[in-house]
Amino acid sequence: MQSNFIVSSDKKYNFSDLVDVIEFEEILKSFYNATGIPNALVRKDGEIISQVGWISACALFHRANPETNLRCLESNHILMKSVSCGKVTSALCKNGLLDYATPIVVEGQIVATLFLGQVLNEAPNKEFFHQQAKNFNYDEIKYLEAVDSIPIVSKEEMESTMDCIVKMAQMLAKTALSKLREIALAHDLDKSTKERVQLKDILDFSPIGVGWSDRDGKIEYVNHQFTELFGYTLEDIPTIQTWYQKAYPNEQFRKTVIEPWHKKVLLAFENNTSAPELEASVTCKDGSERRVFIRVSWVAEKRLVNFNDITAHWKSELRNRAHDAMLEMVAKDSNLSDILNTIVRNIELEDSTSLCSILLLDREGKHLLLGASPSLPDFYNKAINGTQIGLGVGSCGSAAFLGKRVIAEDIVNHEYWQPYKGLAQKAGLAACWSEPIISSTGKVLGTFAIYHKKPASPKLSDIERISFAANLAAIAIENRNARKELEHRAYSDYLTGLANRRYFIEQAEL
């Protein structure tokens, strides 16, 4: 986003004749805070009206070097040419960064241009930027640090964001026309109401969940993506306190994490400083959880909060840690029970509403024995320990017998659970999904089960989780069995050798 864009057009009006520039600049700042994407607004004569989010890679390196600056200008020329034709376009600068441009058109005339960028659409190619630093004599360490700070926006997110920009341009046109036609009657238009309407129109199309409240904690708006993420509408959460109680039902977590963070956010407003960010799991309306990164900013006395969904990345990190922890314990020859309990605890972290267990098949392959079940009641664990497998023996007994996954979405009404539904009800269990733990040779070793306290159907992410857990358990169990087999063989060889020695000694004595 550079200052030398010139969009030639015979305009009747300047942008400032149509829209309150100061108000709109606040909206662009809020948009940047909500999305992390740099943006700029440029007049038709090339003058910058507003610019938010300069990135260091461009400001300190690309624009500062004559050769790479020419690349920037070339990218600008491509954007400028397309914008002058009234097109929404993007350009990949030879320096490796993406820019987007959108003309603001009123009655067929371009009054200004919105620019979006610079961004990346995937993780940076370090080799490319390393070579660029070498070619243009950049400070490589500082340059690569600047590259790492560039926002990464996927193709899908950028398409959604570009749609938001287009809609904003359409809104500006309507607002401008309305202003011109009603200026004689609109001298007393409420400024704060105007800000709110414009900001709402923009954020309705944001790819990130967004909401805002007044200083007293009354929630006045949540966007479409917020409802898509969490399921809550404005009617469900009229105040911040209501939101906290539903999003964070664990009272201890609210007291130790949410309430102190909330106080720091209010203090930041009083001191005109940046509000602290927060990473936390949010309980959705349907009882599921999403891991989000939360940022807060202030527009006048409105508290604007955006929620960036990081669930997939967070779960991937949890599983990587679970896998690494299991391998480390196996390498240290830890007790199998400790390894299985660690696996169960790590899998439960992905969903605080789930209770997990591992049952092991005995040597005869007929009975299930308790392997790890730290979250289920002791009386329940004792009752199922030693259960003979078979079709209709709950989820785990049936899964071990069939060698395939068994899903009981509602224990009370599932045919396999009829002999055991009283036990399950006493333990407060309403759903059970069981996955057989199968060795590399296809032998059933046991079962991994996920229980819920309410009837529940597994989603694709749940199926992936239970399959991952069963595979992890299989590795640990097979390793334990292999070690025992080696120990048994070593002991047998020792006894055989001892017997042979005695035989030779006895023969020698004869």
Side-chain angles (χ1 to χ4, degrees), residues 318-319 322-323 325-326 329 334-362 365-390 392-412 414 416-417 419-439 444-458 462-478 480:
L318 284 180
R319 292 179 188 178
H323 181 266
M326 184 274 295
M329 294 181 75
S334 299
N335 186 283
L336 179 63
S337 177
D338 293 336
I339 297 174
L340 299 183
N341 271 285
T342 298
I343 292 173
V344 166
R345 289 296 193 190
N346 279 315
I347 297 302
E348 287 178 338
L349 284 175
E350 289 191 28
D351 180 0
S352 64
T353 66
S354 65
L355 310 170
C356 301
S357 76
I358 294 176
L359 298 178
L360 304 177
L361 207 56
D362 64 7
K366 294 182 179 180
H367 300 87
L368 289 172
L369 304 176
L370 187 64
S373 187
S375 300
L376 294 175
D378 288 339
F379 75 85
Y380 183 83
N381 290 331
K382 291 178 182 178
I384 64 174
N385 189 37
T387 300
Q388 184 171 342
I389 68 172
V393 184
S395 296
C396 293
S398 300
F401 179 78
L402 296 170
K404 64 180 183 180
R405 185 185 307 125
V406 173
I407 302 297
E409 300 169 347
D410 183 0
I411 285 176
V412 172
H414 197 281
Y416 291 174
W417 277 89
Y420 312 98
K421 65 180 182 180
L423 176 66
Q425 287 178 309
K426 182 180 178 182
L429 306 175
C432 180
W433 317 328
S434 184
E435 181 85 7
I437 299 171
I438 299 176
S439 73
V444 175
L445 303 174
T447 60
F448 188 97
I450 296 179
Y451 293 86
H452 284 275
K453 295 183 177 182
K454 296 180 181 179
S457 302
D462 294 315
I463 297 300
E464 292 174 349
R465 180 162 65 115
I466 196 171
S467 297
F468 169 79
N471 289 333
L472 212 57
I475 295 172
I477 297 168
E478 280 198 283
R480 187 281 309 264

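Quick note: residue numbers are just sequence positions, from 1. Values in this document were obtained by computation on a predicted structure and should not be read as measured data.
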Can you name the closest pair of heavy atoms from Leu368 and Ala400 and give their distance? CD2-CB, 4.2 Å

Residue pairs fulfilling salt bridge (Lys or Arg N to Asp or Glu O under 4.0 Å) with at least one residue in residues 426-437, sequence neighbours excluded: Arg405-Glu435

Measure from the side-chain N and O atoms of Asp362 to the backbone N and O of His367, and report whether any donor-acceptor pair falls under 3.5 Å. yes

Under 3.5 Å donor-acceptor, Asn471 side chain and Ser467 backbone: yes

On a heavy-atom basis, the closest approach of Ile339 and Met326 is CG2-CG, 3.8 Å

Among Ser357, Ser354, Ser395, whose side-chain contact (heavy atoms from CB on, under 4.5 Å) with Tyr451 holds? Ser357

Can you name the nearest heavy-atom pair linking Leu360 to Leu336, along with the distance? CD1-CD2, 4.2 Å

If I compare all heavy atoms of Ala399 with all of Thr447, which pair ends up nearest, and what's the gap? CB-CG2, 4.3 Å

Quick one: pull up CZ in Arg480 and CG in Leu445 and give me the separation to the nearest 0.5 Å. 9.0 Å

Backbone N or O of Leu370 within a donor-acceptor pair of the Asn381 side chain at under 3.5 Å? no

CD1-CD distance between Ile438 and Glu478, expressed to the nearest 0.5 angstrom: 11.0 Å

If you take all heavy atoms of Leu402 and Val406, which pair is closest and at what distance? CD1-CG2, 4.3 Å

Side-chain donor/acceptor of Gln425 to backbone N/O of Val412, under 3.5 Å: no

Can you see which heavy atom on Ile466 is nearest to which on Phe448, and at what distance? CD1-O, 3.7 Å

